[in-house]
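See below for the structure under consideration.
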Protein chains: 2
Amino acid sequence: MNAPISLAHLKTACSSCNLRELCLPVGLSHEQLETLDELVYTRKRLKRGESLFRSGDEFQSLYAIRSGFFKTRVATSDGRDQVSGFQMAGELLGIDGIGTDTHNCDAVALEDSEVCVIPYSKLEELSRRFEPLQHHFHKVMSREIVRDHGVMLLLGSMRAEERLAAFLLNLSQRFTARGYSASEFILRMTREEIGSYLGLKLETVSRTFSKFQDEGLVSVQQKHIRITDIPGLRKVMGQTGASSC
Amino acid sequence: MNAPISLAHLKTACSSCNLRELCLPVGLSHEQLETLDELVYTRKRLKRGESLFRSGDEFQSLYAIRSGFFKTRVATSDGRDQVSGFQMAGELLGIDGIGTDTHNCDAVALEDSEVCVIPYSKLEELSRRFEPLQHHFHKVMSREIVRDHGVMLLLGSMRAEERLAAFLLNLSQRFTARGYSASEFILRMTREEIGSYLGLKLETVSRTFSKFQDEGLVSVQQKHIRITDIPGLRKVMGQTGASSC
DNA sequence: CCGGGCGGTTGACATGGATCAAAGCGCGCC
DNA sequence: GGCGCGCTTTGATCCATGTCAACCGCCCGG
């Protein structure tokens with residue numbers, strides 16, 4: 001049922017991974033890190049468009065993104081679906097599966113990607129023996145909840161321009177954290193996927209990009225984005241409709 | 001800064017709590033339960049309108065609701081806020097604080113309520129020693145994430161009627177799980193709070209209630225709700241705008 | 001028992017974003 | 001390297017929901 005996925009049985013070491021400051025082991029000492037190395041046995045490569053897991057799949061592992069870009073997608077029983085997040089290197093996929101032992105969303109690679117496979121039972125076992133790991137794992141889950149509340153706020157009370165500004169600033173900040181440019185990047189997702197995530201139609205996303213460009217906030221060329229006025233975008237996000245006061 | 005809150009230093013035992021099938025200890029054996037009793041030292045009573053914690057407060061404990069009804073509320077930097085959830089007996093409050101050691105939302109009692117105070121460091125310690133507790137706590141957090149994704153889907157792609165139908169059915173189901181009527185209950189929150197949660201204005205909530213009443217789906221009298229046609233409400237939720245095909 | 005205020009309802013109107021439609025372009029596949 | 005499809009842009013129109021306003025009525029306190 002799943003598309004074929006190449007499985008690389010490579011020995012992976014968190015202790016030597018250059019994402020360790022973003023990923024599960026963040027903040028652990030070097031010797032603590034070496035304890036972690038027994039957690040990750042395998043990696044998995046995915047090509048663009050392939051699913052890492054799908055809603056309904058049995059849950060067994062979490063996945064840490066080593067490279068690439070993903071979206072997660074949730075669906076209603078009546079066939080509508082929505083992008084629930086975009087994930088990049090160092091972020092964790094699959095947490096949704098813990099609660100029901102079954103995945104509740106699809107994770108799809110938006111470009112050729114590689115993930116570390118973290119067997120969940122192993123993670124639980126290790127985090128019982130190893131307090132800093134337990135603590136950090138809890139933090140990761142808690143932050144995911146806080147992030148989701150932020151998206152709920154965006155979806156429930158922001159206007160189209162504010163949503164897109166918030167989206168761009170969020171991407172910018174995450175790229176910065178990974179050592180990339182804060183102001184210039186390639187969007188890995190389509191206008192439709194952005195719209196789905198932001199609760200807008202693709203036409204609205206496109207129009208809003210054009211509007212931002214006219215206003216000199218960004219320079220848009222297809223998927224290539226250059227933010228030319230970060231404070232300006234912040235101001236767009238901050239303004240409360242204005243008409244309501 | 002906080003409103004005065006009465007602290008009851010009562011010995012509380014999960015093992016004899018009639019909410020144990022809904023709360024943290026769900027699914028544990030009786031002897032396992034007794035290990036849990038050392039987790040909860042105190043309870044806290046809150047009157048209607050009081051805050052259990054506020055955004056920015058230092059995070060120290062989780063709270064299990066023994067009785068009553070709460071809302072949580074998140075805010076943007078520019079002053080807008082939104083209800084992020086309604087919580088009832090057996091549910092856990094405060095998970096948002098784990099990630100940053102600081103609470104990221106306000107929790108407000110919507111009626112006189114009582115909570116069990118669960119010191120978080122104690123919970124981590126116990127769940128290291130006690131695998132089923134660890135496992136269940138992870139499940140609770142994961143389910144919260146899945147729930148939030150459901151709300152995001154609602155906010156991003158449902159119409160007003162679908163949102164309100166989903167809201168009523170969700171309440172109904174949660175009341176059922178607590179042994180109350182699935183079809184008749186008192187809303188603890190105002191139309192404005194419902195609207196905030198659902199990304200609608202209070203007038204829209206009110207109008208939609210009236211519409212449901214005209215259609216014979218519910219009988220509404222202020223905060224008193226009687227669902228007269230549960231399958232009908234389900235159908236409202238399921239229909240996909242219809243115009244889009 | 002009465003009065004005031006808050007929460008709720010309803011109506012009229014405004015509007016942001018959806019929808020429908022059509023054309024351009026750019027990227028990937030062969 | 002060229003072709004075709006999918007993504008994007010842009011325009012015209014429509015509609016769901018927001019906004020503004022007025023009134024109602026329940027509940028609480030005096």
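Both backbone and side-chain heavy atoms feed into the values below; hydrogens, waters and symmetry mates do not. Letters A, B, ... are given to chains in the order of the sequence lines, protein chains preceding strands, and every chain is numbered from 1.
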Under the rule for side-chain contact (heavy atoms from CB on, under 4.5 Å), what residues qualify as partners of B:Asp81, not counting sequence neighbours?
B:Arg73, B:Ala75
Keeping to residues at least two apart or across chains, list the side-chain hydrogen bond (donor to acceptor under 3.5 Å, both in side chains) pairs with something in residues 195-206 of chain A.
A:Arg147-A:Tyr197
So if I define the base as every atom that isn't primed, P, OP1 or OP2, how would nucleotides 8-18 of chain C read as a B/S/- string at a heavy-atom cutoff under 4.0 Å?
SBBBB---SSS
If each end axis of the helix from C:dC1-D:dG30 to C:dC30-D:dG1 is fitted on five C1' pair positions, the angle between them, to 10 degrees, is 60°
If the condition is side-chain contact (heavy atoms from CB on, under 4.5 Å), which residues does B:Arg191 pass it with, not counting sequence neighbours?
B:Leu187, B:Leu202, B:Val205, B:Phe209, B:Val220
To the nearest Å, how far apart are A:Arg48 CZ and C:dC27 C1'?
9 Å
Determine which pairs satisfy salt bridge (Lys or Arg N to Asp or Glu O under 4.0 Å) with at least one residue from residues 211-228 of chain A, sequence neighbours left out, and list them in order.
A:Glu161-A:Lys211, A:Lys211-A:Glu215
To the nearest Å, give me how far apart NE2 (B:His224) and P (C:dG7) are.
21 Å
Round to the nearest Å and state the distance from B:Glu162 atom CD to D:dT17 atom C1'.
14 Å
Can you tell me which residue pairs pass the salt bridge (Lys or Arg N to Asp or Glu O under 4.0 Å) test with a partner in residues 179-190 of chain A, sequence neighbours excluded?
A:Glu111-A:Arg188
A side-chain contact here means heavy atoms from C-beta on lying under 4.5 Å apart; do B:Ile230 and B:Ser172 qualify?
yes
Partners of A:Val146 by side-chain contact (heavy atoms from CB on, under 4.5 Å), sequence neighbours excluded?
B:Asp96, B:Asn104
Pairwise ring-ring contact (aromatic ring centres under 6.0 Å, His included) hits with a residue in residues 169-190 of chain B, at least two apart:
B:Phe175-B:Phe185
